[in-house]
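Take a look at the structure set out below.
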Amino acid sequence: MKKAISVLLALVLTMALLPFSAFAEDTTVVYVTISAANDLSLTQAPVTVTDIDGDNALTINDALYLAHEQYYEGGAAAGYGSYVHEQYGLSLSKLWGVENGGSYGYYINHTSPWNLASTVANGDYIDAFVYTDTKYWTDTYCWFDKHEATADVN
């Protein structure tokens with residue numbers, strides 16, 4: 001009986017040493033919309049997000065990278081880029097194949113996050129876009145208050 005209790009206690013102690021993140025959710029599904037070059041390139045496309053950059057978090061960067069892997073011809077290598085900006089943190093350098101010197105915007109559930117390292121949760125909506133007016137900054141982020149609607153003809 002003492003051996004059984006000893007083995008059980010050793011097992012409990014071993015499990016206590018494991019990080020709790022090992023039991024955290026490994027994936028989540030978000031819905032990504034991308035607008036580039038005055039074109040709605042991707043509309044509420046489901047993306048299963050995993051931690052592709054090894055930061056132990058499911059982030060906007062992960063979601064956008066995987067959206068490009070799944071939906072952009074040539075994958076993320078051809079259409080997506082990010083870098084660490086010394087002032088703003090993880091930032092976009094290419095979106096849907098467009099490189100324009102960092103003039104991009106992105107929102108989670110219509111709220112502006114600090115940077116691409118902001119975390120995402122299951123069911124979130126991510127909207128990302130390329131600014132088209134990089135001279136006068138007249139682009140405006142707009143959204144509907146519903147993601148789906150049913151309407152009758154006429």
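Values in this document were obtained by computation on a predicted structure and should not be read as measured data.
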Query raised in the report: Is there side-chain contact between Val49 and Val29, with at least one heavy-atom pair below 4.5 Å?
Result: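 No. Closest side-chain heavy atoms not under 4.5 Å.
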Query raised in the report: Taking C-beta and beyond as the side chain, do Asp62 and Asp51 meet within less than 4.5 Å on heavy atoms?
Result: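 Yes, their side chains come closer than 4.5 Å.
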Report task. Sequence neighbours left out, what passes side chain to side chain donor-acceptor pair (under 3.5 Å) with Asn61? Give chain and number order. Result -> Asp53, Tyr80, Ser82
What is the minimum heavy-atom distance between [X] and [Y], and which atoms define it?
{"X": "Val30", "Y": "Ala63", "result": "CG2-CB, 3.9 Å"}
{"X": "Ile60", "Y": "Ile126", "result": "CG2-CG2, 4.4 Å"}
{"X": "Ala36", "Y": "Val130", "result": "CB-CG2, 3.9 Å"}

From [X] atom [atom1] to [Y] atom [atom2], the distance as rounded to the nearest 0.5 Å:
{"X": "Phe129", "Y": "Ser103", "atom1": "CZ", "atom2": "OG", "result": "10.5 Å"}
{"X": "Asp139", "Y": "Thr132", "atom1": "CG", "atom2": "OG1", "result": "3.5 Å"}
{"X": "Asn38", "Y": "Leu40", "atom1": "CG", "atom2": "CG", "result": "11.0 Å"}
{"X": "Asp26", "Y": "Thr48", "atom1": "CG", "atom2": "OG1", "result": "12.5 Å"}

Which pairs of donor and acceptor atoms, one on a side chain in residues 104-120, lie under 3.5 Å apart (sequence neighbours left out)?
{"from": "Tyr104", "atom 1": "OH", "to": "Ser93", "atom 2": "O", "distance (Å)": "3.0"}
{"from": "Tyr104", "atom 1": "OH", "to": "Val98", "atom 2": "O", "distance (Å)": "2.7"}
{"from": "Tyr104", "atom 1": "OH", "to": "Asn100", "atom 2": "N", "distance (Å)": "3.1"}
{"from": "Tyr104", "atom 1": "OH", "to": "Asn100", "atom 2": "OD1", "distance (Å)": "3.3"}
{"from": "Tyr106", "atom 1": "OH", "to": "Leu116", "atom 2": "N", "distance (Å)": "3.4"}
{"from": "Asn109", "atom 1": "OD1", "to": "Tyr125", "atom 2": "N", "distance (Å)": "2.9"}
{"from": "Asn109", "atom 1": "ND2", "to": "Asp124", "atom 2": "OD1", "distance (Å)": "2.8"}
{"from": "His110", "atom 1": "ND1", "to": "Tyr141", "atom 2": "OH", "distance (Å)": "2.7"}
{"from": "Asn115", "atom 1": "OD1", "to": "Ala117", "atom 2": "N", "distance (Å)": "2.8"}
{"from": "Asn115", "atom 1": "ND2", "to": "Tyr88", "atom 2": "O", "distance (Å)": "3.0"}
{"from": "Ser118", "atom 1": "OG", "to": "Asn115", "atom 2": "O", "distance (Å)": "3.1"}

For residues 66-77, dump all side-chain donor-acceptor pairs below 3.5 Å to protein atoms at least two apart in sequence or in another chain.
{"from": "His68", "atom 1": "ND1", "to": "Leu64", "atom 2": "O", "distance (Å)": "2.7"}
{"from": "His68", "atom 1": "NE2", "to": "Gly79", "atom 2": "O", "distance (Å)": "3.4"}
{"from": "His68", "atom 1": "NE2", "to": "Trp96", "atom 2": "N", "distance (Å)": "2.9"}
{"from": "Glu69", "atom 1": "OE2", "to": "Ala76", "atom 2": "N", "distance (Å)": "2.8"}
{"from": "Tyr71", "atom 1": "OH", "to": "Pro46", "atom 2": "O", "distance (Å)": "2.8"}

Under the side chain to side chain contact (heavy atoms under 4.5 Å, CB included) test, residues paired with [X] that sit two or more places apart:
{"X": "Thr138", "answer": "Asp133, Tyr136"}
{"X": "Phe144", "answer": "none"}
{"X": "Ala37", "answer": "none"}

Query raised in the report: If Ile, Leu, Val, Met, Phe, Trp and Tyr residues are connected whenever their side-chain heavy atoms lie under 4.5 Å apart, and connections chain through other members, are Leu42 and Leu95 in the same group?
Result: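 Yes; Leu95 is reachable from Leu42 via cluster members.
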